[in-house]
Undergrad: 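One structure is given below, represented as structure tokens, and several questions about it will come after.
What you see is a predicted model; the values in this text were computed from it and never measured.
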Number of protein chains: 2
Amino acid sequence: MKKVTMADVAKLANVSKSTVSQYLNKRYEYMSEETRKRIAQAIEELGYQPNVIARSLKQKTTATIGVIVFNMLHMLTTQVLHAIEEECQKREFQVIVCNSGDDPEKERKYIDMLLAKQVDGLIVFPTGKNEDVYHRLVAERFPIVFVDRMVPGVEADSVLLDNFGAAEMAVDYLAAHGYDRIAIVTPPLVAHNVPRMERLQGFRMAMEKRGLKVDDRSVIAAEAAELPGELQKRFAAPERPNALFAINDLTLMGILRFVKETGIRVPDELGLISIDDVPFADIYTPMLTTIAQPTFAMGKKAAERVFEQMDQERTRKPRVFRFSPTLVERTSIR
Amino acid sequence: MKKVTMADVAKLANVSKSTVSQYLNKRYEYMSEETRKRIAQAIEELGYQPNVIARSLKQKTTATIGVIVFNMLHMLTTQVLHAIEEECQKREFQVIVCNSGDDPEKERKYIDMLLAKQVDGLIVFPTGKNEDVYHRLVAERFPIVFVDRMVPGVEADSVLLDNFGAAEMAVDYLAAHGYDRIAIVTPPLVAHNVPRMERLQGFRMAMEKRGLKVDDRSVIAAEAAELPGELQKRFAAPERPNALFAINDLTLMGILRFVKETGIRVPDELGLISIDDVPFADIYTPMLTTIAQPTFAMGKKAAERVFEQMDQERTRKPRVFRFSPTLVERTSIR
DNA sequence: TTGTACGCGTTATCAG
DNA sequence: CTGATAACGCGTACAA
């Protein structure tokens with residue numbers, strides 16, 4: 001049933017495979033009106049569909065890119081993916097999506113599989129732990145771009161948030177609104193997680209610049225599940241913070257849970273700001289002031305860059321694209 | 001650089017291509033320990049990666065399935081996709097994700113592209129408007145399963161929520177808790193959107209069974225953006241509802257926006273229940289009572305079914321899998 | 001146990 | 001303008 005091939009079309013149209021191939025590739029110029037029609041009709045009649053696999057084998061290109069993310073359920077991922085897909089759609093490219101679950105082993109395996117499948121490019125939200133693979137890819141000039149996180153030492157295009165700026169923005173806004181005991185809330189800090197560290201650095205610098213002291217108690221780091229408990233502890237101690245800066249939506253959730261449990265009043269007792277513009281931000285009471293990432297633009301840029309790398313042979317120096325966050329003023333800050 | 005092929009390995013190992021092929025396909029049995037080692041080493045040395053495309057051409061199978069969704073940003077989609085990906089991972093399959101944006105044209109185009117790419121199966125959140133294509137696929141016994149929505153008249157595996165039961169569950173729960181003027185809130189009703197219609201039917205039946213009257217004013221249908229306005233109107237009129245049943249998360253958002261604007265007190269003035277378990281359900285005040293879809297199980301089942309269809313030649317009669325929703329009791333109902 | 005030769009469906013080259 | 005014929009990289013009878 002699906003076995004109708006170019007040869008069949010050729011036979012029916014009384015031409016050779018080559019001619020049919022020409023036709024399919026729109027090289028009509030050297031073709032009589034007549035044969036053209038015959039071929040068109042034969043194709044129609046047989047319901048012929050070209051076999052892309054065969055074409056790929058010959059042309060060494062698959063019109064496919066691979067995307068490896070570390071958490072499919074994360075909203076950032078979803079939105080960036082969406083933008084990537086949209087950009088690929090324009091080019092008639094398709095996207096293979098893989099979820100590494102932030103496991104370097106899986107990531108490596110996926111990269112291998114995707115390469116074996118001859119994808120034309122790769123967009124990776126990297127675990128950061130497979131430097132050797134990344135290096136090899138870059139050395140081979142294989143089109144690749146990192147998103148959200150970068151890998152220090154690997155010279156590849158990277159599409160990132162201006163994490164430093166985002167943290168600074170948070171502190172400045174909080175400080176400008178009269179909060180002086182600000183704590184940053186984050187998942188556990190691990191060195192290879194660049195955005196996390198950058199946000200922390202940005203926080204530290206901004207605090208110092210503002211003359212606000214930052215000590216152990218200014219940074220609250222915990223796994224999402226433990227966060228409410230951790231916060232309880234911190235708020236039981238003296239000099240409790242009067243403002244919290246959540247590094248991402250997940251920690252925000254933890255904070256909100258804590259707030260709900262204890263009944264602390266936001267924004268009067270506690271100012272709240274976070275990175276990532278959660279969908280319920282303006283439905284919550286109070287409405288949540290956030291620092292939004294331009295997820296769509298980031299996804300789009302990532303896709304554009306792979307394509308550019310594919311198109312140009314020459315060795316363009318890899319670039320790091322820093323995207324500016326947007327402050328969305330709402331009412332979780334007085 | 002990436003041009004190292006089986007022939008190269010064969011040459012270096014001093015064997016023929018076939019032997020290398022044997023090796024790669026783990027047919028070690030007919031191979032001396034010695035040659036095996038030589039091949040292994042040659043592969044290592046050259047960094048050889050088999051070319052899956054060539055293999056696919058020969059074997060007519062690509063270890064790839066296509067998934068076409070109508071809204072990548074919807075949470076249901078994300079979660080189902082996640083489950084699908086996970087299931088594919090076990091089988092070493094990969095997933096090409098396409099977003100139709102609920103546009104039948106795009107859907108059709110994507111199906112064609114995926115078939116041309118020789119995917120081994122298809123999972124579709126169908127727009128419902130391409131019956132001819134669906135029929136052709138089913139007639140050809142091409143592995144396909146529908147998710148979330150089904151297409152009446154097309155005999156294919158479908159993985160769906162028990163929409164009827166979900167609506168009934170909502171009404172029963174509301175009624176049991178003393179609410180008697182219940183309205184259903186939904187996006188515009190269009191006949192080909194099966195879940196929407198099923199939920200409406202379930203609502204109607206359940207209401208009648210309970211002896212609750214349902215008239216024009218019991219169903220509030222509007223585009224997400226217009227919803228708050230529509231609700232305003234409805235609540236200005238006499239006999240305003242004292243409970244709302246949101247058909248999905250999007251309409252829930254509209255309701256919440258309306259509630260926030262008008263200051264209506266939930267659950268005292270207004271009971272609230274909705275299908276889809278939004279992530280902020282237990283963070284919101286009051287905590288939102290919801291009817292959760294088993295998204296993960298649904299995605300898993302969908303993947304399992306494509307695989308089963310692929311595995312068995314014989315014509316199994318297509319089945320419709322109805323998944324039961326789960327009531328998550330919280331406090332938006334008194 | 002290993003090698004030869006052919007086929008998978010297209011595209012590219014180069015005569016005709 | 002059209003048609004042989006040779007790749008593309010791999011799998012596999014069949015032969016040795």
Side-chain angles (χ1 to χ4, degrees), chain A residues 1-40 42-43 46-64 92 112-113 115-120, chain B residues 1-40 42-43 46-64 112-120:
Chain A
M1 24 192 76
K2 292 221 61 49
K3 28 188 60 168
V4 36
T5 162
M6 240 180 56
D8 302 319
V9 177
K11 200 175 302 167
L12 183 60
N14 258 313
V15 294
S16 74
K17 288 191 301 180
S18 343
T19 312
V20 178
S21 178
Q22 303 282 20
Y23 174 86
L24 290 171
N25 295 306
K26 323 246 183 236
R27 307 297 302 148
Y28 303 131
E29 307 146 20
Y30 305 106
M31 207 176 304
S32 69
E33 179 70 11
E34 144 110 44
T35 48
R36 190 156 102 209
K37 286 202 167 154
R38 279 217 311 283
I39 295 176
I43 289 178
L46 298 169
Y48 166 72
Q49 303 261 148
N51 181 330
V52 176
I53 294 291
R55 196 214 313 282
S56 293
L57 178 58
K58 186 69 186 175
Q59 296 188 157
K60 303 171 160 323
T61 166
T62 53
T64 306
E92 308 244 280
D112 285 344
M113 291 180 70
L115 291 180
K117 273 203 172 140
Q118 313 292 115
V119 296
D120 297 332
Chain B
M1 24 192 75
K2 290 219 62 49
K3 30 187 60 168
V4 36
T5 164
M6 240 180 56
D8 301 319
V9 177
K11 197 174 304 168
L12 183 61
N14 257 314
V15 294
S16 75
K17 287 189 306 179
S18 9
T19 312
V20 178
S21 178
Q22 304 280 20
Y23 174 86
L24 290 172
N25 295 307
K26 322 246 184 236
R27 309 297 304 149
Y28 302 130
E29 306 146 20
Y30 305 106
M31 208 178 302
S32 69
E33 177 70 12
E34 145 108 45
T35 49
R36 189 156 103 209
K37 286 204 167 152
R38 279 217 313 283
I39 295 176
I43 288 178
L46 297 170
Y48 167 71
Q49 304 260 146
N51 181 331
V52 176
I53 294 291
R55 197 216 309 284
S56 293
L57 180 58
K58 183 76 190 171
Q59 298 188 154
K60 303 171 159 326
T61 168
T62 52
T64 306
D112 285 345
M113 291 179 70
L114 290 170
L115 292 180
K117 272 201 174 143
Q118 313 293 116
V119 294
D120 297 332

Undergrad: What's the shortest heavy-atom distance between Glu92(A) and Met113(B), and which atoms?
TA: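 In this case the closest contact between Glu92(A) and Met113(B) is O-CE, 3.6 Å.
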Undergrad: Mind calculating the distance between CD1 (Ile39(B)) and P (dT2(C)) to the nearest angstrom?
TA: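 In whole Å, dT2(C) P lies 7 Å from Ile39(B) CD1.
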Undergrad: I'd like to compare against my own output: the B/S/- annotation of nucleotides 7-16 of chain C with a strict under-4.0 Å heavy-atom distance to protein.
TA: BBBBBB----
Undergrad: Between Tyr48(B) and Ile39(B), is the side chain to side chain contact (heavy atoms under 4.5 Å, CB included) condition met? List the steps.
TA: CA-CA 11 Å; Tyr48(B) 167 71; Ile39(B) 295 176; over 6 Å; no
Undergrad: Side-chain N or O of Ser16(B) less than 4.0 angstrom from OP1 or OP2 on dT2(C)?
TA: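 Checking dT2(C) against Ser16(B), no side-chain N or O comes under 4.0 Å of OP1 or OP2.
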Undergrad: On a heavy-atom basis, which atom in Ser56(A) and which in Thr61(A) lie closest, and how many Å separate them?
TA: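 Taking Ser56(A) first and Thr61(A) second, the nearest heavy atoms are OG-O, 3.2 Å.
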Undergrad: Below 3.5 Å, can you tabulate the donor-acceptor pairs from side chains in residues 6-16 of chain A to any protein atom, sequence neighbours excluded?
TA:
unit_1: Asp8(A); atom_1: OD2; unit_2: Thr5(A); atom_2: N; d: 2.7
unit_1: Ser16(A); atom_1: OG; unit_2: Ser18(A); atom_2: N; d: 3.4
unit_1: Ser16(A); atom_1: OG; unit_2: Ser18(A); atom_2: OG; d: 3.3
unit_1: Ser16(A); atom_1: OG; unit_2: Thr19(A); atom_2: OG1; d: 3.3

Undergrad: In whole Å, what is the span from the CG atom of Asn14(B) to the P atom of dT1(C)?
TA: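 It is 19 Å, rounded to the nearest whole Å.
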Undergrad: Name the nucleic acid region contacted by Thr35(A), choosing base, sugar-phosphate or nothing; use a 4.0 angstrom heavy-atom cut-off, strictly under.
TA: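 Counting heavy atoms under 4.0 Å across all strands, the contact made by Thr35(A) is with sugar-phosphate only.
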Undergrad: Would you say the side-chain atoms of Thr62(A) pair up with the backbone N or O of Gln118(A), donor to acceptor, closer than 3.5 Å?
TA: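 Checking the backbone N and O of Gln118(A) against the side chain of Thr62(A), a donor-acceptor pair under 3.5 Å is found.
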Undergrad: Check whether any side-chain N or O of Ser32(A) sits under 4.0 Å from OP1 or OP2 of dT2(D), and answer yes or no.
TA: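 Result: yes.
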Undergrad: Would you mind checking if Glu34(B) and Lys37(B) are paired as a salt bridge, meaning a charged N to carboxylate O distance below 4.0 Å?
TA: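 Looking at Lys37(B) and Glu34(B), the cut-off is not met.
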Undergrad: Which is true for Val15(A) with a 4.0 Å heavy-atom rule: it touches a base, it touches only sugar-phosphate, or it touches nothing?
TA: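 Sugar-phosphate only.
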